[in-house]
2 protein chains.
Amino acid sequence: MQWQLHPEMNPNLFLKDPENSVIGKKVIKNGVGLIRKIGFELFTFKKLAEEIGTTEATIYRYFENKHKLLNYIVCWYFHWLDYQVMFNTHNITGYSTKIKITIDILTWQLDANHVNNYDIAIDDLHEIIVSESSKVYLTKHVTEDNKEELFLPYKKLCYNISELFKAYNPNYKYPKSLSSTMIEMAHYQDFFMTNLPSLTDFGGKGDNASVKDFLENLVFAALAKKD
Amino acid sequence: MQWQLHPEMNPNLFLKDPENSVIGKKVIKNGVGLIRKIGFELFTFKKLAEEIGTTEATIYRYFENKHKLLNYIVCWYFHWLDYQVMFNTHNITGYSTKIKITIDILTWQLDANHVNNYDIAIDDLHEIIVSESSKVYLTKHVTEDNKEELFLPYKKLCYNISELFKAYNPNYKYPKSLSSTMIEMAHYQDFFMTNLPSLTDFGGKGDNASVKDFLENLVFAALAKKD
DNA sequence: TTAATTACGATAGTATTACTATTATTTTAT
DNA sequence: ATAAAATAATAGTAATACTATCGTAATTAA
């Protein structure tokens, strides 16, 4: 599937399409690995350049700065996630089931559905999303970035899930906020469970099935038809 | 009230207590103002030093780095918030009412309750919390920081709210996760409403009363006794 | 009271980061 | 085969994130 290799990324995210060259692909692939390993704050283009055997300047030809690279990675992930949701809820009857499947995907209940034959290490990617993705929009330049549509895949996923919620219960007043809450909490509760367990109810167990249970309970409680 | 001026801050947050000197207080007060103005990424000790008429090195005597200063500010805020919740729910009968008051405070439904006679500009502080607070724990050193109890006020607030939830419905399975969800979403939905409105249902209106309504609906739906 | 100690802030650094400008090399087009 | 274009490497600079040292002021100790 050509689409999987070239998920029409927004050109505002890069200076030169990393998908079109060997070094470009290494920037993404090893970038994901290095950010996961040392965290976004300590991550630099110099360190990445050393790892892939090139120079800083070369990487700057692909991305304006490390923030844009993170934004690219985050977009790639949400694009991929949106596709997973679409693909796995397709031809399923019942909005309740569709919502449950969506929660499964968001909370990383990985199984055969999530086969990936990408260059990007998808588990590393997920780890980055959990601890770094919000840094992409929590900036002073969020408005300009938004105008350049740098958050489109996130917004699209949020919209698609909100439409599921509306289909399940057309009277529910906050489908979009519930959708963004669910997406954020799939990541935050995961991060808390691992790193600050006292902020969750999944202390000892610590598997993402617990996050799934929590979100399912929360979402269906919120959406419950009161008649 | 002496307590308000000296909310027993964790000494691991600073090298030298900023409350004990004029310059120290300026570091906090002007630090809050400057971070709010230019954002945490562009904020430097040099810029802050220029603003308060001192040098970088002086500020480094108080705080190890800018991250610790942000951590101090965030702790101060959650400490203050925890006190607000405790004070305003005290002597109120009915856990439902207590929870509603807590949501009011979290979603910044400011009124006479929130009188502040601090040096810190409390509205600037709230703006910082909304867009910068998660950066304090979304790091690779979260575990070591947690061991030094740098997130105690947040964890305490989360715990206190979870106890309210448990009192309201002892059978609810996820009081802590619901509590951290509510705290995070009070800030995130506020940020989204202002900066990425399509992720919320409060597009045009855009007041924090909408966030309050959403959270009240969500929390009471989750906690609803099913019998 | 005076000497010693401590506290404090200012000066002047360094290593790293985040880039940019220029030059060299390779690729592609004709 | 040669010109044009694309690409990468070299070599920078300005800003950032600190650190080490020094002088002065305040505090305390004999």
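Proteins get letters first, then strands, A, B, ... in listed order; numbering begins at 1 in each. It should be emphasised that the depicted structure is a prediction, and the values quoted were computed from it without experimental measurement.
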- Return yes when atom NZ of A:Lys26 has more than 12 non-hydrogen atoms of other residues, nucleotides or ligands closer than 6.0 Å, and no otherwise.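 Atom NZ in A:Lys26 is not crowded, with 12 or fewer foreign heavy atoms closer than 6.0 Å.
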- Task: Go along nucleotides 6-13 of chain C 5' to 3' and tag each nucleotide: B for a protein heavy atom under 4.0 Å from its base, S when only backbone or sugar atoms are that close, - otherwise.
- Result: --BBBB--
- Contacting residues from residues 34-45 of chain A, given that a heavy atom lies under 4.0 angstrom of DNA chain D: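 None, since no heavy atom is under 4.0 Å.
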Find the distance between [atom1] ([X]) and [atom2] ([Y]) and round it off to the nearest 0.5 Å.
{"X": "A:Leu69", "Y": "A:Phe63", "atom1": "CG", "atom2": "CZ", "answer": "5.0 Å"}
{"X": "B:Ile101", "Y": "B:Phe87", "atom1": "CD1", "atom2": "CZ", "answer": "12.0 Å"}
{"X": "A:Leu218", "Y": "A:Leu178", "atom1": "CG", "atom2": "CG", "answer": "6.5 Å"}

- Query: Looking at residues at least two apart in the chain, or sitting in another chain, which of them share a side chain to side chain contact (heavy atoms under 4.5 Å, CB included) with A:Lys212?
  - Reply: A:Ile103, A:Asp104, A:Thr107, A:Gln109, A:Glu216
- Task: Whole angstrom is fine here: how far is it from NZ in A:Lys46 over to P in C:dT20?
- Result: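 So the NZ-P distance, A:Lys46 to C:dT20, works out to 17 Å.
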- Whole angstrom value for the distance that separates P of C:dT14 from OH of B:Tyr60: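 Distance check: B:Tyr60 OH to C:dT14 P gives 17 Å.
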- Query: Restricting to pairs with a member in residues 30-59 of chain B, which pass salt bridge (Lys or Arg N to Asp or Glu O under 4.0 Å), not counting sequence neighbours?
  - Reply: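 Those involving residues 30-59 of chain B are B:Arg36-B:Asp124, B:Arg36-B:Glu127, B:Glu41-B:Lys135.
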- Sequence neighbours left out, what pairs pass ring-ring contact (aromatic ring centres under 6.0 Å, His included) with at least one residue falling in residues 18-57 of chain B? B:Phe45-B:Tyr60
- Message: Which residues pass the side-chain hydrogen bond (donor to acceptor under 3.5 Å, both in side chains) test with A:Asp82, not counting sequence neighbours?
- Response: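 Scan of A:Asp82 (side-chain hydrogen bond (donor to acceptor under 3.5 Å, both in side chains), adjacent residues dropped) gives A:Asn160.
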- Under the side-chain hydrogen bond (donor to acceptor under 3.5 Å, both in side chains) rule, collect the residues that match up with A:Asn10, sequence neighbours excluded.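 If we apply the side-chain hydrogen bond (donor to acceptor under 3.5 Å, both in side chains) test to A:Asn10, skipping adjacent residues, the hits are A:Asn12.
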- Query: What is the 5' to 3' range of DNA chain D, first to last nucleotide, that sits under 4.0 Å from any heavy atom of chain A?
  - Reply: D:dT7 to D:dT10
- Can you tell if the side chain of A:Ser179 reaches within under 4.5 Å of the side chain of A:Phe165, non-hydrogen atoms only?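 They are in contact (side-chain heavy atoms under 4.5 Å apart), so the answer is yes.
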Which side-chain N or O atoms in residues 181-189 of chain B pair as donor and acceptor under 3.5 Å with protein atoms at least two apart or in another chain?
| from | atom 1 | to | atom 2 | distance (Å) |
| --- | --- | --- | --- | --- |
| B:Thr181 | OG1 | A:Gln189 | NE2 | 3.3 |
| B:Thr181 | OG1 | B:Ser177 | O | 2.7 |
| B:Glu184 | OE1 | B:Tyr137 | OH | 3.3 |
| B:Glu184 | OE2 | B:Tyr137 | OH | 2.5 |
| B:Glu184 | OE2 | B:Tyr154 | OH | 2.5 |
| B:His187 | ND1 | B:Ile183 | O | 3.4 |
| B:Tyr188 | OH | A:Tyr188 | OH | 2.2 |
| B:Tyr188 | OH | B:Ser134 | OG | 3.2 |
| B:Gln189 | OE1 | A:Ser177 | OG | 2.8 |
| B:Gln189 | NE2 | A:Ser177 | O | 3.4 |
| B:Gln189 | NE2 | A:Ser180 | OG | 3.0 |
| B:Gln189 | NE2 | A:Thr181 | OG1 | 3.3 |

In a table with atom names and distances, give each donor-acceptor pair under 3.5 Å that connects a side chain of residues 142-150 of chain B to protein atoms at least two apart or in another chain.
| from | atom 1 | to | atom 2 | distance (Å) |
| --- | --- | --- | --- | --- |
| B:Asp145 | OD2 | B:His141 | ND1 | 2.7 |
| B:Asn146 | OD1 | B:Lys155 | NZ | 2.7 |

Please produce a list of atom pairs where a protein N or O lies less than 3.5 Å from an N or O of nucleotides 26-28 of chain C.
none

- Consecutive Watson-Crick or G-U pairs in runs of at least 3, all under 3.5 Å, in which DNA chain C is involved: C:1-30 with D:1-30
